[in-house]
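A, B, ... follow the sequence lines: proteins, then strands. Residue 1 opens every chain. Both backbone and side-chain heavy atoms feed into the values below; hydrogens, waters and symmetry mates do not. Given the structure is predicted, the values throughout are model-derived calculations rather than measurements.
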Number of protein chains: 2
Amino acid sequence: MDTNYFQTLKELNLKATPKRLAILEIMALKPVYVSPEDVWQEMRMRFKTIGLPTVYRNLDELASGGVITKIINPDRQLYYFFCQKKHHHHHFICVFCHRIEELDFCAIREMETEFERKTGSKILSHIIQINGCCKKCRKGNP
Amino acid sequence: MDTNYFQTLKELNLKATPKRLAILEIMALKPVYVSPEDVWQEMRMRFKTIGLPTVYRNLDELASGGVITKIINPDRQLYYFFCQKKHHHHHFICVFCHRIEELDFCAIREMETEFERKTGSKILSHIIQINGCCKKCRKGNP
DNA sequence: TTATAAATAAAAACCTTTTTCATTTACGGA
DNA sequence: TCCGTAAATGAAAAAGGTTTTTATTTATAA
Ligand SMILES: [Mn+2]
Ligand SMILES: [Mn+2]
Ligand SMILES: [Zn+2]
Ligand SMILES: [Zn+2]
């Protein structure tokens, strides 16, 4: 894991502010996905003044830069996770404790049973969704 | 496609109100996923009084009953779709026009290229996420 | 050290979704 | 068919997460 967050921020053309560095440190340590509110709570222990909008903005910027990843949760709120894996992969998320297991495979049904046996987890549902731009919309979009 | 929506509602122990029937009719015709607001706009053409909360409530009930399906959209708002397929399957969604293609396969990477070639769509991203309850949380949950 | 653009705090605004509650409606049983 | 009752609805307000606005502060390149 790369811990030169100053460098990380420079590469995104973002100023290396103490608060940004702290957000990266906080995120990198967590084996769970977190809400902006979660991050804010931790930030408040480190800084006497830290606004929630600052946390929202920074998390959004870091996600746009690909440093952290947005996590889809059934509650449709914002969550982020600092992935260790850099190649294409997916996640098992626990919607109760927010713990994440990073997965290397991509097909689903076939391995559900084996996955449950190996990890002791109970799979409640899975999401597979392909997002894109249909034929009609390609005329004038991405 | 089953169009006996009166029967559909009875099976869910829901009263067959004109508004519920209209919502089902509206949903069943659409090849796109829709927001509660979208449905409300159509309902307003059919009823002089129709509250947005009624639309939200009914869509939620229908989704709980498995009649319609929640669609995950990157904007994290509520969307629903009336699936034609009844077995386990997934969707290609166009985030521009909300058109949906119902898919029969489950693995992803392998077929992206073929899918794009066949349909003329451009896949921008895909979501695979397994939701569940981890080993630790199973002690006291689902 | 200084100039400048970028980042921030605080407050308010925003917007989707949910709740509350009084009124109306569907419908099973008389 | 008529009633009684639980369910459904409309209107209004509230909730709650997220974003915008603006004045001030800060990082950093020159
Ligand atoms: Mn990951
Ligand atoms: Mn479908
Ligand atoms: Zn499209
Ligand atoms: Zn868990």
Select from B/E37 and A/F47 the residue whose nearest nucleotide in DNA chain C is closer to the 5' end of that strand.
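On the 5' side of the pair lies A/F47.
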Given DNA chain C, 5'-ward residue of the pair B/L14 and B/L78, judged by closest heavy atom
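With B/L14 and B/L78 compared, the 5'-side residue is B/L78.
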Nearest-Å distance, [atom1] ([X]) to [atom2] ([N])?
X     : N      : atom1 : atom2 : value
A/D75 : D/dT18 : CG    : C1'   : 14 Å
B/D38 : C/dC15 : CG    : P     : 16 Å
A/N13 : D/dA27 : CG    : P     : 18 Å
B/L52 : C/dT19 : CG    : P     : 14 Å
A/K15 : C/dT8  : NZ    : P     : 10 Å
B/K48 : D/dA11 : NZ    : C1'   : 17 Å
A/L12 : D/dA27 : CG    : P     : 18 Å
B/Y80 : C/dT17 : OH    : C1'   : 10 Å

Is B/R20 touching bases, backbone alone, or none of the nucleic acid, heavy atoms closer than 4.0 Å?
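B/R20: backbone/sugar contact only, no base atoms under 4.0 Å.
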Under 4.0 Å between any heavy atoms, over every strand shown, what does A/K10 touch: base, sugar-phosphate, or nothing? Just pick one.
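Counting heavy atoms under 4.0 Å across all strands, the contact made by A/K10 is with sugar-phosphate only.
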Under 4.0 Å from OP1 or OP2 of D/dT9: is there any side-chain N or O of B/T17 that close?
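B/T17 to D/dT9 OP1/OP2: side-chain N or O found under 4.0 Å.
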Check the phosphate of C/dT18 against B/Y56, side-chain N and O only, distance under 4.0 Å to OP1 or OP2. Yes or no?
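Checking C/dT18 against B/Y56, no side-chain N or O comes under 4.0 Å of OP1 or OP2.
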Please tell me which of the listed nucleotides, [options], lies nearest to the side chain of [X]?
X     : options                : result
B/P53 : D/dT28, D/dA12, C/dC27 : D/dA12
A/I50 : C/dA9, D/dG10, C/dC27  : C/dA9
A/F6  : D/dA27, D/dT28, D/dA11 : D/dT28

So does A/H90 get a backbone contact from the side chain of A/E102, meaning a donor-acceptor N/O pair under 3.5 Å?
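Checked: no pair found.
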If you take all heavy atoms of B/H89 and B/K85, which pair is closest and at what distance?
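Looks like CE1-O, 3.3 Å.
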Which pair of heavy atoms, one from A/M43 and one from A/A22, lies closest together, and at what distance?
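In terms of heavy atoms, the two residues are closest at SD-CB, 3.8 Å.
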On DNA chain D, nearest-nucleotide positions of A/R57 versus A/P36: which is more 5'?
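Checking each residue's closest nucleotide, the 5'-ward one belongs to A/P36.
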By nearest heavy atom, map B/N58 and B/R76 onto DNA chain D; which one lands nearer the 5' end?
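Upstream on the strand: B/N58.
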Can a donor-acceptor pair under 3.5 Å be found between the side-chain atoms of B/K19 and the base atoms of D/dA8?
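Not at all, since no donor on one side and acceptor on the other fall under 3.5 Å apart.
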In plain terms, say whether A/E25 and A/R46 are close enough for a salt bridge, that is, a side-chain N and a carboxylate O under 4.0 Å apart.
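So A/E25 pairs with A/R46 through a salt bridge.
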Separation between CG of B/N58 and OH of B/Y80, rounded to the nearest 0.5 Å:
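So the gap between those two atoms works out to 10.0 Å.
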